[in-house]
Amino acid sequence: MSVPVYLRVAIPSPLRRTFDYLPPQSPPAAAALQPGIRVRVPFGRQEVVGVLLETGTHTDLEPGQLRQALALVDDTPVLPPDLLQLCRWVSDYYQHPLGEVVSTALPALLRKGEAADPGGETVWGLTAEARGLPETAFKRAPKQAALFRALLARGQLGRAELEALELSRNAVKALADKGLVSEQTRPPTPPARADDPLREAPLALNPEQQAALDQLRYQAFNTYLLEGATGSGKTEIYLQAIQAVLSLGRQALVLVPEIGLTPQTIGRFERRFAVAIAVLHSGLTDRERLQAWCDTASGRARIVIGTRSAIFTPLPEAGIIIVDEEHDPSFKQQDGVRYSARDLASVRASRQDIPLILGSATPALETLHNAMHQRFQHLRLTRRAGSARAPQIALLDIRRLPLQEGFSPAMLAEIEATLARREQVLVFINRRGFAPTLICHDCGWVAGCNHCDARLTVHQYPPHLHCHHCDHQRPLIQQCPQCFSRQLQQVGLGTERSELFLQQCFATTPIHRIDRDSTRRKNALAKVLEDVQRGDPCILVGTQMLAKGHHLPRVTLVAIVDADSGLLSTDLRGPERMGQLLIQVAGRAGRAERPGRVVIQSHHCDHPLMQLLVTRGYQAFARQLLAQRQLSGMPPYRYLALLRAESKRPENAIDFLTEARRLAQQLQPASPQLHYLGPLPALMEKRNGRFRYQLHVNAAARRDLHRLLQRLCRQLEANPLSRRVRWAVDVDPQDMT
DNA sequence: AGCACGCCGACT
DNA sequence: GTCGGCGTGCTC
């Protein structure tokens with residue numbers, strides 16, 4: 001007689017506990033009950049997909065309380081042991097329910113219980129009828145004709161190939177509707193030979209790059225901070241490190257920021273390597289995401305490039321993790337499980353005993369701090385690759401100067417001179433829309449969002465008012481709703497307004513606006529960049545979208561219209577962000593043979609931080625900020641966690657946090673080692689119709705903070721006040737918004 | 001979270 | 001007379 005076995009299951013629910021079940025009917029072989037497989041179970045009145053954590057022979061429940069699992073979904077774990085462990089670590093470190101962690105670690109379709117092996121890629125091919133048509137068919141539909149010819153030549157095309165060939169998906173649909181194209185399944189690409197991963201020869205390294213590469217060790221955990229200015233050749237180091245790892249028969253994981261995953265980046269990897277590469281980014285459909293996930297989990301793909309959530313991709317033969325632009329805020333998830341993919345990369349690399357490379361021109365303060373304390377090996381690239389010289393940065397004091405739409409005469413003169421030399425200009429304005437404020441000149445009424453404590457941004461293309469925090473939109477009004485005056489003024493500067501103004505100033509020069517609105521249409525960004533590559537004089541007006549990753553060799557002037565907003569920001573990381581952004585944007589200038597120039601307009605040119613950044617560079621600037629952090633007892637010198645709570649009725653959230661503080665102080669009275677602050681309103685108190693507050697806990701020792709949070713969460717979950725609010729812990733918060 | 005139950009207000 | 005508002009309780 002076999003001992004009864006119980007299944008301990010992680011359920012996607014905010015409850016901080018696991019649930020025990022009886023094995024499903026027709027008891028599976030014990031070997032089938034591997035941790036990490038999915039199980040379909042009854043849960044309350046619903047049926048959910050959970051993940052098996054472990055099996056056990058005892059349970060705290062009465063036999064009658066147990067229900068039976070309905071079915072095992074997988075034969076092999078969707079979360080192999082290392083990832084299951086990582087999820088447990090995340091749940092413990094970030095104080096987030098394990099079931100939700102496990103569920104964020106899985107692609108959406110697996111969450112819903114779909115099979116983990118989609119068995120090949122969905123592709124489109126011509127039907128027999130279509131193959132009989134002459135090559136000159138579809139004379140009146142050029143898009144369809146192009147697709148038809150491509151399919152004749154190549155047989156089948158997948159989504160990625162359609163994109164690469166710039167074929168329209170509408171054409172696919174049109175031909176499919178005519179019965180000329182059908183959806184087919186292409187078997188997975190066979191694994192590439194590991195002995196020859198290269199498609200193209202690596203570039204020659206300069207001595208500095210070579211020295212950095214020589215430092216890397218591939219057989220053990222070590223964290224390398226690869227610090228190098230834009231254009232200093234970090235990517236080539238990544239490529240050659242990956243090459244080394246591939247030839248050891250292992251896989252590489254590359255994490256990139258959300259807007260850094262450009263076709264150029266992917267193209268560079270694909271040109272270099274002959275192995276299958278899986279790409280995971282937010283633009284994929286659930287189906288494509290699952291496909292990419294399966295490709296890496298099966299070991300077919302040898303390189304994974306992805307944004308934040310790619311840190312949870314199973315890699316049976318992981319050999320290296322690279323985090324590019326490691327300072328980028330998008331690596332920290334800002335809702336649900338508030339994890340930092342960069343920090344998880346470190347945990348994962350250490351557990352798997354493989355190297356981790358953190359690359360950046362402007363490392364995060366905590367990363368620099370780690371490097372300074374020898375926890376990371378610091379590799380520096382100081383030279384720009386090729387002949388490009390570092391840009392010269394000039395501060396332009398605009399106090400008392402006449403400004404036209406934010407531009408000083410000197411700045412306009414700079415732009416004009418650059419265009420006259422037949423060079424290109426990048427105008428950086430970190431705010432999309434036309435104007436950030438609509439105000440009534442007669443009574444002072446300001447157009448605000450009904451759901452947030454925010455002003456509505458005026459957009460002109462097309463005209464409307466838009467809340468950038470909750471996406472609420474309203475028609476653009478001409479009359480004040482309070483006093484019925486028609487004197488409504490659009491105050492402040494956004495990209496649309498600058499574009500219009502510059503168009504008037506430089507009527508014969510093409511102006512390209514690049515922000516989330518102008519690039520919403522697919523390939524719009526690629527088209528503009530293609531134009532820009534041709535090198536004719538033009539002006540690019542854009543937000544931080546322009547700051548990342550794009551190679552703009554003909555841009556020789558970067559104009560930063562307003563550097564003050566970041567400098568004066570009250571947020572913990574405001575100045576750090578400003579510095580990083582300025583340096584990143586500046587990196588766009590002068591990448592080819594021509595020297596670049598960066599001009600920064602400011603009312604605070606003599607601000608010590610600004611001076612430091614411009615005259616002595618990011619390192620000195622960052623060290624100064626670190627000194628300030630140490631004085632003010634902030635990370636990375638002390639450890640911070642926020643207890644966030646929000647509710648429709650503000651008092652619910654405040655009462656909850658007040659109680660939380662009381663409980664916390666009972667567990668751990670305030671002291672120099674541990675202090676409390678709050679409940680405080682969030683920087684934007686009301687957002688999306690909810691009032692948001694936070695309790696800050698600041699500790700000298702990570703261990704104390706962690707112990708407190710753990711015990712506090714247990715109590716809070718049982719507390720009736722917690723049911724009236726949405727609450728979550730944010731360990732190592734990025735910002736206080 | 002999701003779902004059901006339960007008890008009070010303005011509607012066909 | 002009901003539809004539906006959200007307070008409360010529960011999930012192996």
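Quick note on labels: first sequence line is chain A, next is B, and so on, each numbered from 1.
Boundaries of the chain A contact region on DNA chain B are dA1(B) to dA4(B), first to last in 5' to 3' order (nucleotide atom under 4.0 Å from a heavy atom).
Residues satisfying the salt bridge (Lys or Arg N to Asp or Glu O under 4.0 Å) test with R573(A), not counting sequence neighbours, are E366(A). Remark: Y21(A) pairs with no residue by the ring-ring contact (aromatic ring centres under 6.0 Å, His included) rule, at least two apart or across chains. With sequence neighbours excluded, the residues forming a ring-ring contact (aromatic ring centres under 6.0 Å, His included) with F656(A) are W727(A), listed by chain and number. Applying the side chain to side chain donor-acceptor pair (under 3.5 Å) rule to D471(A) yields the partners H466(A); only residues at least two apart in sequence or on another chain are considered.
Each salt bridge (charged side-chain N to carboxylate O under 4.0 Å, His left out) pair with one or both residues in residues 700-722 of chain A, not counting sequence neighbours, appears once here: R702(A)-D732(A). Among residue pairs with one or both ends in residues 8-17 of chain A, those qualifying as salt bridge (charged side-chain N to carboxylate O under 4.0 Å, His left out) are R8(A)-D20(A), R8(A)-E54(A); sequence neighbours excluded. Residue pairs meeting the salt bridge (charged side-chain N to carboxylate O under 4.0 Å, His left out) criterion with at least one partner in residues 81-98 of chain A, sequence neighbours excluded, are D82(A)-R348(A).
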Identify the pairs formed between an N or O of the protein and an N or O of nucleotides 6-12 of chain C at a distance under 3.5 Å, and give each distance.
| from | atom 1 | to | atom 2 | distance (Å) |
| --- | --- | --- | --- | --- |
| dT8(C) | OP2 | R724(A) | NH2 | 3.3 |
| dG9(C) | OP2 | R723(A) | NH2 | 2.8 |
| dT11(C) | O3' | G44(A) | N | 2.9 |
| dC12(C) | OP1 | Y21(A) | OH | 3.1 |
| dC12(C) | OP1 | P42(A) | O | 3.2 |
| dC12(C) | OP2 | G44(A) | N | 3.4 |
| dC12(C) | OP2 | R67(A) | NH1 | 2.6 |
| dC12(C) | O3' | D20(A) | O | 2.7 |
| dC12(C) | O3' | R67(A) | N | 2.8 |
| dC12(C) | O2 | D20(A) | N | 3.0 |

